[in-house]
Amino acid sequence: MRTSTKTRSLVAAVAVTALLAGCNAGSSTSSDTGSQDGTGSEAEGGEDTGDDTAQAPAPGGSDETVRIGLVAEPASLDFTTTDGAAIPQLLLDNVYETLVSVDVESGEIVPALATEWEVSEDRLTYTFTLKDGVTFSDGSEFTAEDAAFSLERVSSDAWTISLKSQLDVVESVEAVDDTTLEVTLSRPSNSFLYALTTRVGAMFDTEGVDNLAEEALGTGPYTFGTWDRGTQITLERNPDYHDEAPYFAAVEMRYFDDANALNNAMLTDSIDVVSTVQAPESLAEFEGGDFQIVEGTTNGEVVLSMNQEEGNPLADADLRQAVRHAIDHQALMDTCWAGRGELIGSMAPPTDPWYEDRTGDYPFDLARAEELIAEAGAEGTELRLRIPSLPYAVSCGTVVESMLEDAGLQVTIDELEFPAAWLETVFTNKDFDMSIVAHVEPRDMANVFGSPDYYTTYGTEQVQTLFEEADTGTEEEQVAKLAEAATLISEDAAADFLFLLPNLMVADPDITGLPTNAIKESFDLGELARG
């Protein structure tokens, strides 16, 4: 048994987000889909190593390797120290599991490594009953000791990404016995249980964290196999998995840095699934052919961020409002993403309970944009639009540039290699006026707009109060307060919300288990099969 107590700040949800992760415009996830935190190298027409004919069924159903095409590979396997959606997309639910998970159909929190849980009347103590007989892929037993270690480690210096703040509300963790875990919070929190479904809830072996950047040891249906950097990562079926074994014996995650190369790989049978279509206009290539096309929604809000730090042009609210009025969002989405997606006007997607359509806050009005620019004395102001080298950002960046110049502003586009250059220049150093990135983490509004220290530079006291009241109140109060926060963020023109990324996938016609909606951080490979 082990017990630890830590004192933490009360502002739990304010700090984070792997927007970066979001930065991924692309790669669909069973989650969150969105994209990754790295750029893969081109692998057009690579050797076909998949076995299209199932051999004598092995545990799980097939000896076949399924090949998944993505646009950007992880920079590392360590999502505790490296931002970006690519890593949890690859490893969460597949190699690392969590105590609880999210049902992608209902959006409800469901058991995973915890079979059940109880919450005390004061909402401060969560008692989890853990699944018995679970082992890590090295054969060691998963117990409450490992669960306590994993949750405690999030608050330590070992975790460095901003998302760790989602567990700031945890005050103590105790392994009561091998299958019972007790977590005590410093205050009631509506977001705590949901946070456990994300990467901060990943369960690690107490002896398996020495080299997380290159090795991954978990309890999931797959084990980490090999990494041919710049080309692919291979996962292998876990022969000792505690639940239903996955159908495929192995998964090859193949990375492409070019949308055409990705499409060509699908058209030439070099891959079985395009995880996220990076050139929506190219879907016509697959329509009417021997392919299935999946179209749904995601959590991926494509955000035009505006640096509001003192001394920057966009610290002027009139100029930020002008930017929002100057953008014809429907025309932009039609032009840069083939009209695929959804206009939302805020940082809450329709799959969140507090979603409200905010597209009417700043309708396209070029004359009003010009008036606001004149009132701000900002005619001809030069703005640096620094974007990551991801397909949606590059495609939409030129449209934003043109629309803002029509309103009388001067825009210079700098395309930064993603993740390294963008993360350093925009995310860390805040050396930009505007940027475009998709935030794909679920329920991340407080993470993205809850702190002026975050790269979005917003986080007013008023919105921080709303976030805290939403987290500590009743479920009804949570919905009302977060809807109010979304309204405030929109009306303050804290950023512009270009559109919500769609979940667009292309696959062989007999591949099953593909998620219609990508509302989690992971791409749940264990669900895939060939029917």
Side-chain angles (χ1 to χ4, degrees), residues 26-31 33 43 45-71 89-95 97 101 103-105 137 220-226 228 231-256 261-278 283 285-296 503-518 520 522-531:
S27 219
S28 156
T29 82
S30 165
S31 56
T33 283
E47 181 183 359
D48 181 355
T49 60
D51 179 3
D52 291 332
T53 304
Q55 306 294 316
S62 173
D63 286 336
E64 182 184 354
T65 294
V66 66
R67 305 154 300 167
I68 313 292
L70 306 95
V71 293
Q89 178 188 48
L90 169 74
L91 298 179
L92 197 62
D93 293 333
N94 300 317
V95 174
E97 294 184 295
S101 188
D103 184 292
V104 295
E105 298 299 327
S137 57
Y222 285 98
T223 64
F224 177 73
T226 59
D228 183 3
T231 303
Q232 71 181 42
I233 292 174
T234 301
L235 302 182
E236 300 171 352
R237 183 193 288 138
N238 181 355
D240 300 315
Y241 185 50
H242 58 87
D243 206 334
E244 183 178 352
Y247 175 87
F248 290 107
V251 182
E252 290 179 357
M253 306 292 273
R254 298 188 178 184
Y255 297 97
F256 301 82
L262 177 59
N263 288 348
N264 288 339
M266 189 71 212
L267 291 166
T268 58
D269 195 32
S270 293
I271 58 176
D272 304 299
V273 179
V274 175
S275 67
T276 295
V277 174
Q278 291 301 295
L283 280 175
E285 296 181 86
F286 302 101
E287 292 171 346
D290 193 22
F291 304 98
Q292 62 170 309
I293 297 174
V294 175
E295 182 167 6
N503 182 36
L504 296 175
M505 310 177 77
V506 176
D508 289 347
D510 57 350
I511 294 289
T512 62
L514 296 167
T516 300
N517 294 331
K520 296 171 60 179
S522 65
F523 186 165
D524 194 344
L525 302 172
E527 295 296 318
L528 299 183
R530 198 180 286 278

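Numbers for residues simply follow the sequence, beginning at 1. If you're wondering where the values come from, they're calculated on a predicted model, not measured in any experiment.
Separation of atoms CE (Met505) and CD1 (Ile511) is listed at 10.0 Å; rounding is to 0.5 Å. Note that CD1 of Ile271 and CG of Leu262 are 5.0 Å apart. Values are rounded to the nearest 0.5 Å. Note that CG of Leu91 is 8.0 Å distant from CZ of Phe224, once rounded to the nearest 0.5 Å. Annotation: the span from Ser522 atom OG to Glu527 atom CD amounts to 9.5 Å, rounded to 0.5 Å. With rounding to the nearest 0.5 Å, the separation of CD1 in Ile68 from CG in Leu528 is 5.5 Å. Summarising the geometry, atom CG belonging to Leu267 is positioned 11.5 Å from atom CG belonging to Asp290; distances are rounded to the nearest 0.5 Å.
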As a quick check of understanding, evaluate side chain to side chain contact (heavy atoms under 4.5 Å, CB included) for Thr226 and Glu252, giving each step before the final call.
CA-CA 9 Å; Thr226 59; Glu252 290 179 357; over 6 Å; no
Chi angles and distances behind the side chain to side chain contact (heavy atoms under 4.5 Å, CB included) call for Asn517, Val104
CA-CA 7 Å; Asn517 294 331; Val104 295; over 6 Å; no
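The shortest heavy-atom contact between Gln232 and Thr234 is NE2-OG1, 3.5 Å. The two atoms that bring Phe523 and Pro515 nearest to each other are CE2-CD, 4.2 Å, heavy atoms only. Looking at every heavy atom in both residues, Phe256 comes nearest to Ala265 through CZ-CB, 3.6 Å. Counting all heavy atoms, side chain and backbone alike, Tyr222 lies closest to Phe248 at OH-O, 2.9 Å. Scanning all heavy atoms of the two residues, the minimum distance from Leu514 to Ala507 falls at CD1-CB, 3.5 Å. When every heavy atom of Gly531 is checked against every heavy atom of Thr512, the shortest pair comes out as N-CG2, 4.2 Å.
Counting heavy atoms from C-beta on, the side chains of Glu97 and Pro221 come closer than 4.5 Å. Residues Phe286 and Asn263 have side chains in contact (heavy-atom distance under 4.5 Å, counting atoms from C-beta outward). Residues Leu235 and Leu90 have side chains in contact (heavy-atom distance under 4.5 Å, counting atoms from C-beta outward). Residues Leu525 and Arg237 have side chains not in contact (no heavy-atom distance under 4.5 Å, counting atoms from C-beta outward).
With Asn503 contributing its side chain and Thr516 its backbone, the two residues share a donor-acceptor pair below 3.5 Å. With Asp93 contributing its side chain and Asp524 its backbone, the two residues share no donor-acceptor pair below 3.5 Å. Using a distance-only test at 3.5 Å, with no hydrogens or angles considered, no donor-acceptor pair links the side chain of Thr65 to the main chain of Val251. At distances below 3.5 Å, not a single donor-acceptor pair connects side-chain atoms of Arg530 with backbone N or O atoms of Asp508. Remark: the backbone N or O of Glu236 is paired with a side-chain donor or acceptor of Thr223 at under 3.5 angstrom.
When the shell of 6.0 Å around CD of Glu295 is examined, it contains more than 12 heavy atoms from other residues, nucleotides or ligands.
The pair Arg254-Asp228 does not meet the salt-bridge criterion, since no charged nitrogen lies less than 4.0 angstrom from a carboxylate oxygen.
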